[in-house]
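In what follows, every heavy atom counts, from backbone to side chain, and hydrogens, waters and symmetry copies are set aside.
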Amino acid sequence: MPREWQWIPWAWRMSQAQLDASQLQRPSKLPKLDNLFVDEVPVRDLPHGNNPASEGILRSVLSIHSNAIALVEGAHLGVLRLYEKRFLKLALQRFENGSGLRSVNVQEAMNADRRAWEVIGDLLAHGWQLDDAISEVVEVRNELSSMLQARPWIPKFEPSRGKGGFKGKPPGKPKGKGRGFGLKEAFSGKERTPWATEIVRNNEVQKICVQYNLPSGCQRPACKFLHVCCVAKQDGTPCGSAGQIPWCKRLFFAALLSVLVAFLGDLNFSRREHVVQSTDSSAYLNFGYRSGTQVGICNLTWDFPELVSFINLCLRRAFPGKSWASICVSHNSFAKLHSDSRNLYGSENHVLSLGQHVGGLLWLEGALEQPAPPPSSQSVDCSGGLVNIHEKPFSFNPRLLHGSSEWVGDRWVLIAYTPQVFQSASSEDLLQLQSLSFPFPGAETTSSAALSPSPSPVPLASDTKLFLDLCCGSSAPFSTAVRALGIPCLAVDPLFGEGLDLLHDETFDRLLALAHNGVFKLAHASPPCGEFSLVKLREDGGPRAIRTPDEPYGRSDLTDAESERLRTSFSLATRCISLLLAVFESGGQTCLEHPRNSMLWLLKEAQFYLNSVAADVVVTSACQWQQDWFKHWAFATSLRSLQSLAGVCPHGKDAHAQIWGVKDETGQHLSRLTATYPESLASAFAQHVLPLFTPLPDANFVVLQECMQLLPRKPMSASFPCATQDGGGIFSMPDWSSPQPGKDDVLREVRHKLHAKLLQLRAPQRLREHVANNTNSPLFTSEEVFELRAIWDAVLAPSSGLDWQVSVGQPYSLSALEAVASFISDKDVSLWPCLHDGVPTGYRRNIPLSGVLIPLESNDFDPPPLQHCTGNWSEAEKDPDLFRELIEQEVAAGFLEEVGSLETAQSRWPNLTAVGKCNIVKHPKAPRLIMDSSISNTNAGCYIPERYMMPSLQDIRASWPLRGDDTDFLAFAMDIKGAHKTIRIHPDEWGLNMLQLASTCFAYKCCPFGAAFSAFWWTRLSAFFIRFLHLLIFLKHSLCAYVDDFYMVQPCEVAALTSSMILSVCQCVNIPLSWAKLQFGARVVWIGWSFNLRSHSFHLPYEKLEKLRAMLSALLKGDFTTRHELEIVAGYLQWVFQMHKLLKPWLSCLYDDMRRPVATSYSVEPSQWIELISCISDDLLVQRQLPGAALPLGGRLLSVKHQALRSKADLRRVGVSPKRIWLRITNPASSKRRLSHQSKVFLRYWQQWAQMPFFSRPLAMPPRWLPDAFAADACASGNKIGIGGFIKMGDAPAVWFSEVFSLRALQKLISDLPSVAQEAITCWETLAQMGLVLLLASCFPGGRLKICVPSWCDNTGAESTSNKLFCTSLPLAFFAQKLSLLSWHTGISLDVHHVAGFENTIADHLSRWMEGEELPSGFSLDDRFRLSWEMLWHFKPDVRIWPESHGLLWQPQSFAFS
């Protein structure tokens, strides 16, 4: 039977997330009668058909269409993506301005898509497969090239709707007769007045600015074209006049009238040729903010958003500098004498009449230019007169009496005003009014109009770097100066441009995403300083200061309003700092500005920023920039070139004009003038930052949405970074951006049917509600689970169905799971018999291999004897009642079985009984029983034949983002409840896991948490779940499991559907879930890390920081601690350092303390001295016992008679006397440890760090940069040390370094260096790698670049140290620390690869090269980079203040620990 394919209109292509968002944004209206019976088809808003096709719209409609086809198994997603890629490439091609060509517009692109799918549908009707049909049209016939070919460019007039778009409410479709016109149609008649583009001035032909003649006006601050009227006269020459209204009046008012008639002409207005005292209430319409007692925006506004925006743009030209929030359009409506008492006090009415009529003037109280009696029969005791408003804009006080005079003809009146209830407008209402171009009171209407950002004329190149200006103010002086030099800028401030507010979470997250991905080369922040100013402390009648120098985080007696001010100011400051740190870590430069003695600098967050970027605090004065007032700014910057801005006022405070506390004639404080940077300072700043950028000829202010296109997309072919662990075994990987090689879509039919059923059940919506309400119940009912199981039955076992029964002692439908494993040909075939019968513990070496984990080499395994412990650990002994209660709960749940006495157990399981100890973990939610299987030797006695690896934070980062996609992603996380205890132990081995209460023994029937075999068996089962779910999902995703915590990331269009499908599988096979712990959305906490996919970042949750603070505080209470406590802290910091790899080298001090037991004094007789020496090994260890002495075996001899020892040879220098000889020897059996000074400094740093609000870290790994050659080497001989290295990039000459140092000179600076240079060759090789980092940083402006560079090294030790950045041996640990510091401050990390020495000849030559010798071929002395020892070793991340006479009342705090 032939198949039929119907093309889906673009307006109908919506994802569920887009539909939900549009429904939330729509205004509330009464439903029409037909809508009560028939559902309205949801549609998306598309640009006007003649607008250029934008990448965002095209990518969205094509991607949703492809995903939908792939979900219903119509075609493979890879083939559909090929169609998208080819379509986008052709539709978005760009042409030079003079070529006379243009790319397709929206309507033409839509027609091409329709035609292409009609051809594909025709092939389907003739029996083709959809995959083959798409390939035929796209690849073989190449029909898209002709459909999307370039069009001729024809200039035409098309009024702009202005900046900002339509936010909040969707524009909607015009309704009713006569409402189908757009602005283009309103101007497309034959009588349209022609325009001219050139004018003769001073005998020269000059170009006229066309943008100036549009309603939106010209927005270029330095436009090179003439701002005059371009309307052509009868002789064809332009009008040439200039004024507040840029159009010729004839065109301006005619155009405005034609638009009103086109949109509103056929509405039910009262139409009378002669109107006298009409009271027809239907003769006027209100748009914008409501008047009267109601609040909000009129519903009618959203029926005509384009019209409202156009009227506002015209009225703003007619009434420059005025403000209003509402518009009344009156048609032939007579206004009786009245006053507008419900208008905002102090506001004005702005009125203008249009149309062919005679009369219809405005009567106004007090207008005496044309005196006339009031046009009303009611008596009023006032005088007034008539004002002609026909095509003459006029403003007046609305509280004066006013009304209409009689007229004959057709009269339209526009009245712009501000109602009194506008004071209650919400921030959402203000944003919506702003999107409709309302110049409401408080909105920026002058300076920002000229500087407001507009999208660049051409899309930004993918490698474009931007200048980020945070809290730039209404005039954005730095952005303006920087943009004038050809640098694209993103300016962020509620008073500027698109009104971006850092306190808005979505805006902040989007900016963080850009910062973390290296889009900004330089970021400058100047958070509002008013609440941090010392001037606030003056008692001058102003608002009370909310903080003091002694209380920088706020006074203790604040009111609610003051607390809100405190929270706002602190949030703005810390968010600015967070963005600056993100830019710096991603390889950019940063600058934070505030007054030099602002209380902001007292915040530890600001001090942390100063130390993190090793900031130069550059103080500069106002008079240095030609300003006659006393003020100093402090710029805390990582960019060294800004030091030249430094300078303090040499004149003194009283030498300048006094502005503090002084007001001008309008009542404004003159000190507000100091809030804007002087133009000369902004210009100097721009010149200093210019070398960081590549100037563009058409640089502009950019909008946030345009910047999101600069987020890097990981290509499908990229091999780095690559995640390797997902918890699914050695053949499974987390990143399924595309199906793994060799994986067939065997579950395609099941997935197709499950998707259809889940959509029918509204599962995605129910999942969102479930997570939002934190519901602790299953997502699907038992009836729905039955229906879902029927789908599996129909595909996997159509004749008999699957066996969904649950075996005793465990929760799973094992037979059904085994059938699924067989259907997908899973490798772990030995898993299912073990789960059915009960898993072996491995004590008898009876665990079968899985084939999916890493096998261990077989060896002779001799298990230690099993132990029968008495008693339990302290917490269980302290609370016997709770201990007994927890045991009873385990018995009731079927986990434990009461055995009786130990003798009974031994008779039941001969030679297989072990009694461990229990403890109670008092969790905040509920206490838990923990079994210690190690003390009973059960763990040591069970042989586990395979080892496994769990995914880590690095695997999550390496799989982010999914390859070949730049859409938004959502995450899903679920937790298996009591995972280990869901697996039953074989009954013959229950006796190996017993606990004792009094004299009664209890045996675990399931795998207890803490047993080695428990973790192994759960790993095998969860690994199967991962492999199975990968195949079931199949569409683009990443998935992994850490023990019982599962985590998935997928594009937002399908994430909810896939997540609900996973949950349906869990319910079908009875996987027990912690339903209240389900997470779904852009923010998810998983294995201790908090991920924010919207900001492309992660951070440590507050609870983890609290735990770290508590551990460090306990450890730092005294000089002594225990080895166990050091191990706990070091292990926790190792976990934290997954995000701070560069700080790992400093852990060496903790490990050094760990292996250094506290020494004890011992004494021996002088007669035993010779024998004592024979008991000591060459490395000063006690190797045998001295008769009569209690020296600890294995202890290290540290000193004799207070003389420190370095080797056994030092014992000969000890003078022996008749007195007893005192020795200091460490005892390896002692757990007592002393914290070294270096460890204390290191731990105190982390104690300070843990008190900070956690600043986010980038999810994406650093991009990989591949030079042609990048190698270093070192040599050592006697007292000489040589290092050399080079970089080769393309055809450019090689850049290189070669230096020689003296060992004796270095020994004075670095402790623990050997006496022979060759013995520390690994240190010198690491030093050479440091030289490579500095060499590469010198090649880039500003010296910072966030990249990972593969380098070559022929020394294995240096390779390991440079990659792991962790070493516990001295002095190599010192070199690893220095390499880490260089990597942090340059942004460059190394991926060192081993190369055989004979292949590293050039770097080896450079390390041995001496002045005057011949260089390798292709090397020149002009390209040599000199490295001094100060650059390599004395690099210190300190904070410096410029100039020396800075006048700061605060000092930088040190956070360094190196």
Side-chain angles (χ1 to χ4, degrees), residues 584-585 587-589 613-614 616 638-641 691-692 1141-1142 1145 1262 1265 1267-1275 1281-1289 1292-1301 1305-1306 1309-1310 1322-1353 1355 1358-1359 1361-1363 1365 1372 1374-1392 1400 1402-1404 1406-1407 1409 1419-1438 1440 1456 1458:
F584 182 81
E585 187 177 356
Q589 301 284 1
V613 305
D616 285 334
S638 62
L639 186 60
R640 303 299 176 232
S641 61
L692 297 176
K1141 178 186 174 183
L1142 296 179
W1265 183 66
D1268 293 342
F1270 192 66
D1273 200 2
C1275 68
I1281 301 158
I1283 61 172
F1286 70 97
I1287 305 173
K1288 187 70 173 69
M1289 297 177 285
V1295 185
W1296 59 282
F1297 69 91
S1298 177
E1299 302 294 344
V1300 178
F1301 302 106
L1306 300 187
L1309 302 172
I1310 307 173
T1322 303
C1323 297
W1324 316 135
E1325 294 277 4
T1326 306
L1327 188 68
Q1329 296 296 321
M1330 294 164 56
L1332 272 183
V1333 173
L1334 287 172
L1335 177 63
L1336 181 58
S1338 70
C1339 298
F1340 294 94
R1344 283 189 56 76
L1345 185 70
K1346 188 66 173 179
I1347 53 173
C1348 178
V1349 187
S1351 68
W1352 300 342
C1353 176
N1355 183 278
E1359 176 190 357
T1361 301
S1362 302
N1363 286 329
L1365 291 177
L1372 185 56
F1374 299 147
F1375 287 81
Q1377 292 171 4
K1378 292 295 182 179
L1379 179 57
S1380 294
L1381 285 174
L1382 280 178
S1383 293
W1384 169 254
H1385 286 279
T1386 60
I1388 300 170
S1389 57
L1390 297 178
D1391 181 16
V1392 184
N1400 200 25
I1402 297 179
D1404 179 70
L1406 293 174
S1407 69
W1409 181 80
F1419 285 70
S1420 169
L1421 282 175
D1422 295 335
D1423 300 315
R1424 183 185 182 185
F1425 179 68
R1426 298 307 303 264
L1427 288 172
S1428 65
W1429 182 253
E1430 286 70 24
M1431 295 171 63
L1432 284 165
W1433 197 260
H1434 293 290
F1435 177 84
K1436 188 177 180 182
D1438 56 347
R1440 301 186 181 184
S1458 59

Original post:
What is the minimum heavy-atom distance between Ala1272 and Gln1329, and which atoms define it?
Top reply: CB-NE2, 3.9 Å
**OP:** Drop me the distance from Leu1334's CG to Leu1427's CG, to the nearest 0.5 angstrom.
**Re:** 6.0 Å
Original post:
Which heavy atom of Arg640 sits nearest a heavy atom of Val613, and at what distance?
Top reply: NH2-O, 4.1 Å
**OP:** Quick one: pull up NZ in Lys1288 and CZ in Phe1419 and give me the separation to the nearest 0.5 Å.
**Re:** 8.5 Å
Original post:
Looking at residues at least two apart in the chain, or sitting in another chain, which of them share a ring pair (Phe, Tyr, Trp, His ring centres under 6.0 Å) with Phe1301?
Top reply: Trp1429
**OP:** Report the distance from atom CD1 of Ile1287 to atom CG of Asp1423, rounding to the nearest 0.5 Å.
**Re:** 11.5 Å
Original post:
Shortest non-hydrogen contact from Glu1325 to Asp1273?
Top reply: OE2-OD1, 2.8 Å
Subject >> Which atom of Ala1274 lies closest to which atom of Ile1283, heavy atoms considered >> reply: CB-CG2, 4.0 Å
**OP:** Keeping the roles fixed (side chain from Trp1296, backbone from Ser1420), state whether a donor-acceptor pair exists under 3.5 Å.
**Re:** yes
**OP:** Taking all heavy atoms of Leu1379 and all of Met1330, pick out the closest pair and write down the distance.
**Re:** CD1-CG, 3.7 Å
**OP:** Kindly compute the distance separating CG (Leu1327) from OG (Ser1407), expressed to the nearest 0.5 Å.
**Re:** 12.0 Å
**OP:** Heavy atoms only: give me the nearest Gln589-Leu639 pair and the separation to one decimal.
**Re:** OE1-N, 3.6 Å
Original post:
Going from CZ on Phe1297 to CZ on Arg1424, what distance comes out if it is rounded to the nearest 0.5 angstrom?
Top reply: 10.5 Å
